[in-house]
Amino acid sequence: MPQYVPSPSKWVADQVDLYESSGGTQGTTLRDTGLPVIIVTNKGRKTGAIRKTPLMRVSDGENYVLVASKGGAPKHPVWYYNLKENPTVKIRDKDEVRTMKVREVEEGVERERLWAIAVDAYPPYEEYQERADRLIPVFLAEPTR
Ligand code: F42
């Protein structure tokens, strides 16, 4: 059985702990911004370990937009590669957990639309993109039927 391995980043691991141990009633926003966060449970592409990644909640109907911004860091977050390899994830949104499949949306009008929704939900993404020397990846997560 694969083991859950918490993020080495303490504030991230703490948020996951609080969010999950409270059944999605606490720790559901980014610090004190009041902006909602989801938890994406994914599989490590090398270790097979269970990883839990909090991300801003960007909803598009019943789907979610996942933005691999990592605060505008020069490199993609490691979870990006995990999702490319293992696209089936669980997404917790407060007290609801659903199995979803993600796909990267790399270009075109679909990406433009999703990026606009993401920036609307979390305006700093725009600044992260200006700072980063890479195109910030965008995934669409859709419920599996
Ligand atoms: N990050 C975002 O990119 N976008 C967001 O919208 C976002 C919002 C957010 C809200 C709240 C919060 O608490 C955190 C938030 N974050 C957001 C941060 C996000 O949760 C991640 O911590 C961040 O993006 C960095 O992701 P990362 O995958 O690069 O994390 C690093 C620190 C990490 O966990 N590294 C692990 C380690 O042990 O060093 C690697 C874990 C891993 O997946 N290993 C793979 C495996 O097989 O197990 C191997 C992967 C490989 O290819 O080497």
Side-chain angles (χ1 to χ4, degrees), residues 1-107 110-142:
M1 274 290 281
Q3 291 274 312
Y4 164 51
V5 181
S7 169
S9 179
K10 191 180 180 307
W11 72 277
V12 173
D14 286 352
Q15 173 144 38
V16 171
D17 275 355
L18 182 60
Y19 203 128
E20 299 236 306
S21 66
S22 67
T25 60
Q26 289 177 55
T28 62
T29 64
L30 176 69
R31 301 197 183 93
D32 56 0
T33 60
L35 296 173
V37 167
I38 55 172
I39 307 276
V40 180
T41 298
N42 56 96
K43 196 167 145 191
R45 67 170 177 157
K46 291 178 187 162
T47 59
I50 296 169
R51 306 283 181 186
K52 297 191 183 217
T53 310
L55 297 177
M56 300 317 294
R57 177 187 187 277
V58 180
S59 64
D60 178 32
E62 60 175 357
N63 302 333
Y64 295 96
V65 184
L66 313 182
V67 181
S69 56
K70 200 182 174 182
K75 290 193 172 160
H76 295 339
V78 169
W79 63 262
Y80 166 80
Y81 301 100
N82 291 337
L83 264 54
K84 290 295 279 185
E85 188 110 352
N86 293 302
T88 302
V89 298
K90 279 203 165 57
I91 294 190
R92 172 183 279 279
D93 184 356
K94 294 199 172 147
D95 60 349
E96 259 185 59
V97 183
R98 277 194 298 171
T99 302
M100 303 193 97
K101 190 151 184 185
V102 306
R103 62 180 169 89
E104 186 178 2
V105 180
E106 292 184 64
E107 58 188 8
E110 188 183 19
R111 188 185 185 285
E112 278 168 31
R113 187 180 72 80
L114 298 179
W115 182 254
I117 294 172
V119 169
D120 199 43
Y122 187 61
Y125 282 144
E126 192 146 50
E127 192 187 309
Y128 296 168
Q129 181 58 84
E130 280 164 20
R131 195 187 310 155
D133 240 1
R134 59 184 173 100
L135 183 66
I136 292 179
V138 169
F139 290 96
L140 187 66
E142 296 163 303

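All ligand and atom numbering here is 1-based and tracks the order in the structure. The figures here come from the full heavy-atom set of this structure, side chains too, leaving out hydrogens, waters and symmetry mates.
- At least one donor-acceptor pair closer than 3.5 Å links the side chain of Arg131 to the backbone N or O of Gly71.
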Distances only, to 0.1 Å: what are the N or O pairs between ligand 1 and the protein that fall under 3.5 Å?
| residue | atom | partner | partner atom | Å |
| --- | --- | --- | --- | --- |
| ligand 1 | 3 (O) | Val67 | O | 3.4 |
| ligand 1 | 3 (O) | Ser69 | N | 3.2 |
| ligand 1 | 3 (O) | Lys70 | N | 2.8 |
| ligand 1 | 4 (N) | Val67 | O | 2.9 |
| ligand 1 | 4 (N) | Ser69 | OG | 3.2 |
| ligand 1 | 6 (O) | Met56 | N | 3.2 |
| ligand 1 | 6 (O) | Tyr125 | OH | 2.6 |
| ligand 1 | 13 (O) | Gln15 | OE1 | 2.7 |
| ligand 1 | 16 (N) | Pro54 | O | 3.3 |
| ligand 1 | 20 (O) | Pro54 | O | 2.8 |
| ligand 1 | 24 (O) | Trp79 | NE1 | 3.1 |
| ligand 1 | 28 (O) | Val78 | N | 3.2 |
| ligand 1 | 28 (O) | Trp79 | N | 2.9 |
| ligand 1 | 29 (O) | Val78 | N | 2.8 |
| ligand 1 | 43 (O) | Arg51 | NE | 3.3 |
| ligand 1 | 43 (O) | Asn82 | ND2 | 2.7 |
| ligand 1 | 44 (N) | Arg51 | NH2 | 3.4 |
| ligand 1 | 47 (O) | Arg45 | N | 3.2 |
| ligand 1 | 47 (O) | Lys46 | N | 2.6 |
| ligand 1 | 47 (O) | Thr47 | N | 2.7 |
| ligand 1 | 47 (O) | Thr47 | OG1 | 3.1 |
| ligand 1 | 48 (O) | Thr47 | OG1 | 2.4 |
| ligand 1 | 48 (O) | Arg51 | NE | 3.1 |
| ligand 1 | 48 (O) | Arg51 | NH2 | 2.7 |
| ligand 1 | 52 (O) | Arg45 | NE | 2.6 |
| ligand 1 | 52 (O) | Arg45 | NH2 | 2.8 |
| ligand 1 | 53 (O) | Lys46 | NZ | 3.0 |

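- Nearest approach of Ala13 to Ser7, heavy atoms of both residues: CB-O, 3.6 Å.
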Donor-acceptor list for residues 27-36 side chains, cut-off 3.5 Å, not counting sequence neighbours:
| residue | atom | partner | partner atom | Å |
| --- | --- | --- | --- | --- |
| Thr29 | OG1 | Arg31 | O | 3.2 |
| Thr33 | OG1 | Leu30 | O | 2.6 |
| Thr33 | OG1 | Leu35 | N | 3.1 |

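- Listed here is the closest heavy atom pair of Val37 and Pro54: CG1-CB, 3.8 Å.
- Judged as a ring pair (Phe, Tyr, Trp, His ring centres under 6.0 Å), and not counting sequence neighbours, the contacts of Tyr125 are Tyr122.
- Screening residues 83-92 for side chain to side chain donor-acceptor pair (under 3.5 Å), with sequence neighbours left out, gives Glu20-Arg92, Lys84-Glu104.
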